[in-house]
Amino acid sequence: MNEVYLIAGMAVVTYLIRYPLFAVAEQIAFPDFLSRALQYVPPAVLAAIIFPSTLMPEGTLQLNYSNPWLLGGLVAALVAWRSRNLLVTIVAGMIAFGVCKWFLEA
Amino acid sequence: MAVTKTRPPMSELLAGMRNTTPLVIGAIPFGVIFGTLATVNGLSFQATIAMSVFVYAGSAQFIALGLLAGATAWPIIVATTFVVNLRHLLYAATLVPHVKNWSHLIRPPFAFWLTDETFAVVMNRWSEQKKPITTWYYFGSAFTMYLNWQLCTFIGLTAGRSFPNIAGWGLDFAMPVTFIGMLMPYLKSRVMWWVVLISGGVSVLAYALPHKLGLMLAAACGIAVGVLFEILVTRKGTR
């Protein structure tokens with residue numbers, strides 16, 4: 001029974017975040033500074049997800065060579081920078097991560 | 001933007017699907033691991049499917065599992081979901097100038113399908129490829145992501161049992177690596193570097209905040225620094 005409340009609750013709060021601005025889109029005119037601010041949304045949110053997951057994969061800061069998440073992330077960033085290709089980046093990053101993890105555990 | 005009407009629907013649909021494919025590949029391990037871990041963490045088979053079908057928010061679903069494992073009460077999990085998903089409000093706000101041109105009929109499902117991935121793909125269409133965000137393009141991206149998430153949840157729920165250690169394989173690295181690939185194209189100016197470094201730095205420092213509030217705080221700081229930088233630079237009259 002609690003599962004029903006849980007899922008209904010999660011679904012409702014998530015939808016109440018996603019839908020309202022879509023519903024009234026034509027009535028919204030953002031002031032200039034706000035439209036400027038919104039262009040920084042994608043990089044800001046992506047960075048806020050990437051940094052903790054690569055720098056602190058187990059919840060504490062691991063700024064060292066024995067952190068495969070960090071090493072794999074650096075390789076992915078470099079490949080993304082050079083190749084500009086998302087698929088190549090994902091494959092290269094996963095391989096780098098796997099190799100680092102395997103070496104560190106061996 | 002009458003261009004919406006003049007672009008052929010089929011090619012827009014296919015372009016949306018095609019440009020979402022790399023992100024789908026990045027999301028596969030994520031979805032499969034979710035399906036695998038769900039029942040281990042005390043969610044029933046039906047509830048796991050229902051969560052992916054009706055909530056459809058990957059990171060919130062994962063965090064819910066973590067909280068369920070700690071026997072957290074459902075209202076707390078719902079509150080955490082709210083905070084974790086607040087970033088979608090920023091996405092919706094960013095999309096407002098484009099959504100204006102869409103019919104009201106399609107807005108409810110399209111809003112439901114708004115995810116990190118679809119947002120990244122449609123914004124890329126606009127800012128990198130300099131093309132309008134058509135409804136067919138959006139649908140191609142959104143539907144591909146949605147279908148993939150349902151399939152992966154189901155695969156994890158059923159076949160995942162044969163691989164009980166799958167969560168320890170490091171496949172969850174697929175998500176940060178996908179996001180890194182999406183982030184790099186934005187780093188074309190000094191202001192963007194500042195946005196990313198400040199947001200990233202704050203997200204690490206604020207990691208311990210309850211209900212994953214750190215994510216929103218970090219994003220807000222990064223955005224604020226971007227605006228501040230822009231104001232300072234334009235005031236000086238240098239670019």
Side-chain angles (χ1 to χ4, degrees), chain A residues 2-15 17-23 25-26 28 30 33-56 59 61 68-69 72-73 76-77 80-81 84-87 89-90 93-94 97-98 101, chain B residues 22 25-26 43-44 47 50-51 54-55 57 60 64 74 77-78 81-82 85-94 96 99-100 107-108 110-112 114 120 123 170 173-186 192 195-196 199-200 203-204 207 215 218-219 222-223 226-227 230:
Chain A
N2 275 348
E3 280 186 342
V4 176
Y5 294 139
L6 172 70
I7 289 162
M10 287 176 72
V12 168
V13 294
T14 304
Y15 196 64
I17 294 166
R18 285 168 168 165
Y19 182 56
L21 288 181
F22 271 34
E26 51 276 275
I28 303 175
F30 291 123
F33 85 94
L34 207 57
S35 349
R36 283 167 177 279
L38 289 175
Q39 64 177 310
Y40 301 116
V41 166
V45 175
L46 288 171
I49 297 173
I50 294 165
F51 275 59
S53 56
T54 50
L55 296 179
M56 38 201 314
L61 200 59
W69 296 74
W81 186 255
R84 310 235 144 224
N85 182 314
L86 192 49
L87 197 55
T89 302
I90 294 170
M94 288 302 281
F97 173 80
K101 199 169 147 72
Chain B
I25 290 165
L43 211 57
S44 72
M51 198 182 270
F54 297 117
V55 181
W74 71 265
I77 303 180
V78 170
T81 300
F82 179 76
N85 284 337
L86 261 184
R87 65 186 190 284
H88 293 90
L89 192 63
L90 295 176
Y91 297 163
T94 310
V96 155
V99 175
K100 262 178 205 169
R107 291 185 200 181
F110 278 30
F112 173 75
L114 183 57
M123 282 317 288
F173 186 64
M175 190 194 59
V177 90
T178 307
F179 285 8
I180 288 169
M182 293 194 282
L183 175 65
M184 293 311 282
Y186 284 101
M192 284 300 191
V195 169
V196 164
S199 173
S203 70
V204 169
Y207 187 76
L215 175 86
I223 293 164
V227 174
E230 217 176 285

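The chains referred to below are lettered A, B, ... by the order of the sequence lines, with proteins before strands, and numbering in each begins at 1.
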Heavy atoms only, distances under 4.5 angstrom: which of A:Gln39, A:Met56, A:Arg84 has the most pairs with chain B? Name it, please.
-> A:Met56
Looking at A:Gly72, A:Pro52, A:Ser53, A:Ala76, which makes the most heavy-atom pairs under 4.5 Å with chain B?
-> A:Pro52
Among B:Gly26, B:Gly181, B:Pro22, which has the most heavy-atom pairs under 4.5 Å with chain A?
-> B:Pro22
Is A:Phe30 close to A:Leu38 at the side-chain level, that is, under 4.5 Å between some pair of heavy atoms?
-> yes
Side chains of A:Arg18 and B:Asn85: closer than 4.5 Å at any heavy-atom pair?
-> no
Side chain to side chain, A:Trp69 and A:Lys101, heavy atoms closer than 4.5 Å | no
Check A:Met10 against B:Ile77 and note the closest heavy-atom contact, atom names and distance.
-> SD-CG2, 4.3 Å
Region of A:Ile28 in contact with chain B, defined by heavy-atom distances below 4.5 Å = both
Let me know if B:Ile25 has heavy atoms under 4.5 Å from chain A in its side chain, its backbone, both or neither.
-> side chain
For the candidates B:Phe82, B:Tyr91, B:Tyr207, B:Phe173, which exhibits the highest count of non-hydrogen atom pairs separated by less than 4.5 Å from chain A?
-> B:Phe173
Comparing B:Ser44, B:Ala64, B:Ala174 against chain A, the one with the most heavy-atom pairs below 4.5 Å turns out to be B:Ser44
Any idea which heavy atoms bring A:Ile17 and B:Leu89 closest together, and the distance?
-> CG2-N, 3.5 Å
Contacting moiety of B:Phe179, where chain A heavy atoms sit under 4.5 Å = both
With sequence neighbours left out, what residues match B:Ser199 under side chain to side chain contact (heavy atoms under 4.5 Å, CB included)?
-> A:Ala44, A:Ala47, A:Ala48, B:Ala218
For B:Ala47, is it the side chain, the backbone, both or neither that has a heavy atom under 4.5 Å from a heavy atom of chain A?
-> both
Hey, does B:Val195 have a side-chain heavy atom less than 4.5 Å from the side chain of B:Ile223?
-> no
Please state whether the side chain, the backbone, both or neither of A:Leu34 comes within less than 4.5 Å of a heavy atom of chain B.
-> neither
Closest-packed option against chain A by number of heavy-atom pairs under 4.5 Å, given B:Ala120, B:Ala92, B:Pro185 = B:Ala92
Side chain, backbone, both or neither: which part of A:Ala23 has a non-hydrogen atom closer than 4.5 Å to chain B?
-> backbone
Between A:Leu87, A:Asn85, A:Thr89, A:Ile50, the one whose heavy-atom pairs under 4.5 Å with chain B are most numerous | A:Ile50
Proximal component of B:Arg107, with respect to chain A [non-hydrogen, under 4.5 Å] = both
Out of B:Ala50, B:Gly200, B:Ala57, which one racks up the most heavy-atom pairs below 4.5 Å with chain A?
-> B:Gly200
Check: B:Arg87 and A:Ile49 side chains under 4.5 Å, non-hydrogen atoms = yes
Report the option among A:Phe22, A:Trp81, A:Phe51 that has the most heavy-atom pairs separated by less than 4.5 Å from atoms of chain B.
-> A:Phe22
Do you know the tightest heavy-atom contact between B:Thr81 and B:Ala60?
-> CG2-CB, 4.0 Å
Side-chain contact, heavy-atom cut-off 4.5 Å: B:Phe54 with A:Thr14?
-> no
Let me know if A:Tyr15 has heavy atoms under 4.5 Å from chain B in its side chain, its backbone, both or neither.
-> side chain
Listed by chain and number, what are the ring-ring contact (aromatic ring centres under 6.0 Å, His included) partners of B:Tyr186, not counting sequence neighbours?
-> none
Region of B:Met182 in contact with chain A, defined by heavy-atom distances below 4.5 Å = both
